[in-house]
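A quick write-up on the structure given underneath.
Model, not experiment: these values are computed from the prediction.
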Amino acid sequence: LFCSRHSPLDRAAPEIVAAMPAATPKVLRALTRRATKDGFEPSSVLQCTDKSANLALLIQDRCNACHGKTVSDVLGSMVKNGGRYNMADLKYDIKHGRLEVLEKGADAGAIPTGKPRKDAPCAGQPLPPATVDEFFNFCQCQLKMELKQHTGGELTLAGEAQKMWPSVETFITPNLGLTERWVPYHTVLGVHELFLVQSVHYNKAWDEKQRFIAMFIFRAHCKRDLFDTVQAPLMKTKQFWQDPLKAFAPGGTMEKAIVAYRKKTGNPLITSCFRIIPPRVLKDDDENLVRSVTHRTLGLIEVAEKAYPMMKDKSKTADEKLACISTMVQEAEGCGETWAKMLTVCIDLAYPKEMLLETQCDVGTGASPALRCLLPAKLNVPDKKQALKELLKIVNSAKSPHSKSFWATLKVEEALISKHFKAFPLIVSQANTKASGMSAVTLQVQLCEYRQFRHSIARHKYGLPEDPNMRGEAEKSTRLTPDNFVEYDEKRKSVVFQFPKEDTKIDFDVPIKSTGNKIVVAFSVAHKCFYRLLQGESKQEVLKYRDEIVGSYRGGVESPDDSEAWEVCRAQGVHGTSVCSFSMEAKDGKKFPFQTTALAAGGVLEAERIGRLCWDKLKAGVKKEVVIEFRNKLYKDNAAATAATPQKRKAAASESPASKDKVKNAAATAKGSSGPPAKKSKSL
């Protein structure tokens, strides 16, 4: 169902890449520093290989955009939807032989060109265009494979579908089993969807809301064994449901359990359908991968907590619920249209009576190209949701022999599927399609599969890298990221940003004076505030939060501005209980964890500051025991300073103009003074 089969930037066309804005100087310095650390000189030149020329056109575009550029140019310019082409992406492309690194000033030469495979039976012939009739035949073949996989039965195909079957079977077979990439005609019978029905929606150990949240937790990784072996047992305890976020927080019970599972089994932690390269926040690869899963889960749990009451709100229509939940998902960190589609499909399967996706559905990047090809150009519908509605009308009103054969085959197949899964009403309800009544969600999902089938035909029959008319597109995202908004204002001596909200903008600033004139700390505060606004908090609430965290910042000794500690030591978790954690490698090669906490440090910024200082010492080779003593001493110093601060503030407040005015006003009020009121203080 999650049909992007390459990393996110694999879908970016050259014109999109060329339009990507440059990274900020701060980010560029960090990326360049990381490049040098990983063995790449920033001035080294990148070169496409012959291998990249014979891959999918989308990957060719990605590699071609890097050809002839330096490492620093690539890392600094390829920015899309708040995400960057970073060192992990570069190492991934080099590892798979798509790119090579040349010396500084080297000539990369011409971009390699691919050639059609000579062994393809139709090599040199033009690829026939996609049609609605071909789509019907493909869907009929999908039904045949669906019945075969779930019941072992055989389905007789009619008309042109019988001739197409060998090609469809060739396309589907590699995507079965552990790859978990094939989605059958009935979405509920997909690997992950069927698992949710059988293991979550009919699980009596949880109440309805808990099952709803469990669905989001599974979708964060889609690994059945991980969910059954590690997560489900913990999720059956009362302690877990008292605070699910705490369990998934850094160092929480769930994170520890998943790390132990990974160390013991070495099993994958995310489905192969996801092409996700986790950002480097922890040095240990396993722990870093686990952190990416738990971090994503935290965001999805928050979405689930908001989406559940929305689903239960009887005053809202199905369209209103779909629009609100879709927006919630897309605004979650790291999510976009495809994630919104995936999760709303899951909700729709769990609540079929709501009919959320009967007539409309979010259109993911996998379906968009097929939608564009099948919809008549004369309709000219730029909005993808509306375009899907128009194509749905065409599909359900079709009267061709191909469409009639499909509907007749569907009726036979659904009767057999309903009989086989009679113990699961949620499945039976989905295998009950009215004649000429394909739903929007089914059309959307099958367009994704049809697009991949067209690429398979292009490769195996015509020797082409893929169907050029089914080219992917960069996924749009409503996710706002602070890197694109936060900047330093020299005149105001503040780190500032304007947060876009509907038709207005919220002006926000963090004076560097409040962070001891440390600009980089002010940036950190601004980022935290930006995310608070993104989560729906008011400006007044975020201002209060800003004042709280900068008020607890002591400053003093700090890490050098070019230290990697600024990237590594970032607190995660709820304010007040935030934890700044990382892993370090000792001289003997053994890895060990280290952390600072906001509670012990006296604030989240102090936890990060102390964490950075400890990281620098550990990196320099100082023993862990010595650094722990150093950390604890800083804890005590902060605690002592905090204890003394209230007395100083009280004394200072008694001498302030605002305090004197308050005294005068109070005295005047007590005496019932009829004279003019005291002037209001202009002090904060």
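For residues 631-640, the salt bridge (Lys or Arg N to Asp or Glu O under 4.0 Å) pairs, not counting sequence neighbours, are Lys633-Asp637.
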Practice prompt. Given side-chain contact (heavy atoms from CB on, under 4.5 Å), test Val496 with Glu487 step by step and report yes or no.
Written response: CA-CA 6 Å; Val496 302; Glu487 60 184 359; 4.1 Å; yes
Discussion item. Pair Ile213, Tyr308 - check side-chain contact (heavy atoms from CB on, under 4.5 Å), show working.
Written reply: CA-CA 8 Å; Ile213 295 174; Tyr308 180 75; over 6 Å; no
Worksheet item: Between Glu302 and Leu298, is a side-chain contact (heavy atoms from CB on, under 4.5 Å) present by the stated rule, with each step listed?
Response: CA-CA 6 Å; Glu302 291 180 349; Leu298 285 171; 5.6 Å; no
Practice prompt. Check the pair Lys209, Glu305 against salt bridge (Lys or Arg N to Asp or Glu O under 4.0 Å), reporting the backbone distance first and the verdict last.
Written response: CA-CA 9 Å; Lys209 182 179 180 181; Glu305 290 281 5; 3.0 Å; yes
Discussion item. Working note: Val329 + Met342, criterion side-chain contact (heavy atoms from CB on, under 4.5 Å); need CA distance, chi angles, decisive distance, verdict.
Written reply: CA-CA 10 Å; Val329 175; Met342 178 177 68; over 6 Å; no
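A salt bridge is defined here as a Lys NZ or Arg NE, NH1 or NH2 lying under 4.0 Å from an Asp or Glu carboxylate O, and Asp286 with Lys263 meets this definition. Residues Lys619 and Glu564 are not paired through a salt bridge, judged by the lack of any N-O separation under 4.0 Å between the basic side chain and the carboxylate. Electrostatic pairing of Arg532 and Glu537 counts as a salt bridge here, judged by a charged N lying under 4.0 Å from a carboxylate O.
A donor-acceptor pair shorter than 3.5 Å cannot be found between the side chains of His295 and Glu255. If you check the side chains of Asp616 and Ser559, you find a donor sitting under 3.5 Å from an acceptor. Of the N and O atoms on the side chains of Thr596 and Arg609, not one donor lies less than 3.5 Å from an acceptor on the other residue.
Scanning both residues, Ala601 and Asn638, for their nearest heavy atoms gives O-ND2, 2.9 Å. Between Phe523 and Tyr488, the shortest heavy-atom contact is CZ-N, 3.9 Å. Nearest heavy-atom pair, Ser538 versus Glu541, reported as atom, atom and distance to 0.1 Å: N-OE1, 2.9 Å. Val495 and Ala526 make their closest contact through CG1-CB, 3.7 Å (heavy atoms, listed as atom of the first residue, atom of the second, distance). When every heavy atom of Trp241 is checked against every heavy atom of Ala214, the shortest pair comes out as CH2-N, 4.5 Å. What you find for Val293 and Thr297 is that their closest heavy atoms are O-OG1, 2.7 Å.
Considering CG of Leu533 and OH of Tyr545, their distance stands at 11.0 Å, rounded to 0.5 Å. Distance check: Met584 CE to Cys614 SG gives 10.0 Å after rounding to the nearest 0.5 Å. Annotation: the span from Ile270 atom CD1 to Leu289 atom CG amounts to 6.0 Å, rounded to 0.5 Å. We find the CE-CD1 distance between Met235 and Ile217 to be 4.0 Å, quoted to the nearest 0.5 Å. Here the CD-CZ distance, from Glu608 to Arg570, works out to 8.5 Å after rounding to the nearest 0.5 Å. Atom CD1 of Ile610 and atom CD of Gln595 lie 12.5 Å apart (nearest 0.5 Å).
Contact of the Leu46 side chain with the His67 side chain is not registered, since no non-hydrogen atoms from C-beta on lie closer than 4.5 Å. Looking at Asp507 and Phe499, their side chains never come closer than 4.5 Å, going by heavy atoms from C-beta outward. A 4.5 Å side-chain heavy-atom check between Thr597 and Cys580 finds every atom pair outside the cut-off. Looking at heavy atoms from C-beta onward, Met254 lies out of side-chain contact with Pro244 at the 4.5 angstrom threshold. The shortest distance between side-chain heavy atoms of Val45 and Glu103 does not fall below 4.5 Å. Contact check for Ile549 versus Val525: side-chain heavy atoms found under the 4.5 Å cut-off. Here the side chains of Leu618 and Phe592 are in contact, with some heavy-atom distance below 4.5 Å. Side-chain contact between Glu558 and Val521 is present, with at least one heavy-atom pair separated by less than 4.5 Å.
Geometrically, Arg546 engages Phe508 in a cation-pi contact, judged by NZ or CZ lying under 6.0 Å from the ring centre and within 45° of the ring axis.
For Phe582 and Phe594, the distance between ring centers is under 6.0 angstrom.
Although no hydrogens or angles enter the test, the distance criterion places no donor-acceptor pair under 3.5 Å between the side chain of Trp615 and the main chain of Trp566. A donor-acceptor contact shorter than 3.5 Å links the side chain of Ser494 to the backbone of Arg492. Under a 3.5 Å cut-off, the side chain of Lys321 and the backbone N or O of Asp313 do form a donor-acceptor pair. When atom types are taken as modelled, the side chain of Ser563 and the backbone of Ala565 share a donor-acceptor pair closer than 3.5 angstrom.
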Using a 3.5 Å cut-off and no angle test, enumerate the donor-acceptor pairs between side-chain atoms of residues 512-520 and protein atoms at least two apart in sequence or in another chain.
from: Ser514; atom 1: OG; to: Pro511; atom 2: O; distance (Å): 2.6
from: Thr515; atom 1: OG1; to: Ile512; atom 2: O; distance (Å): 3.1
from: Thr515; atom 1: OG1; to: Lys518; atom 2: O; distance (Å): 3.0

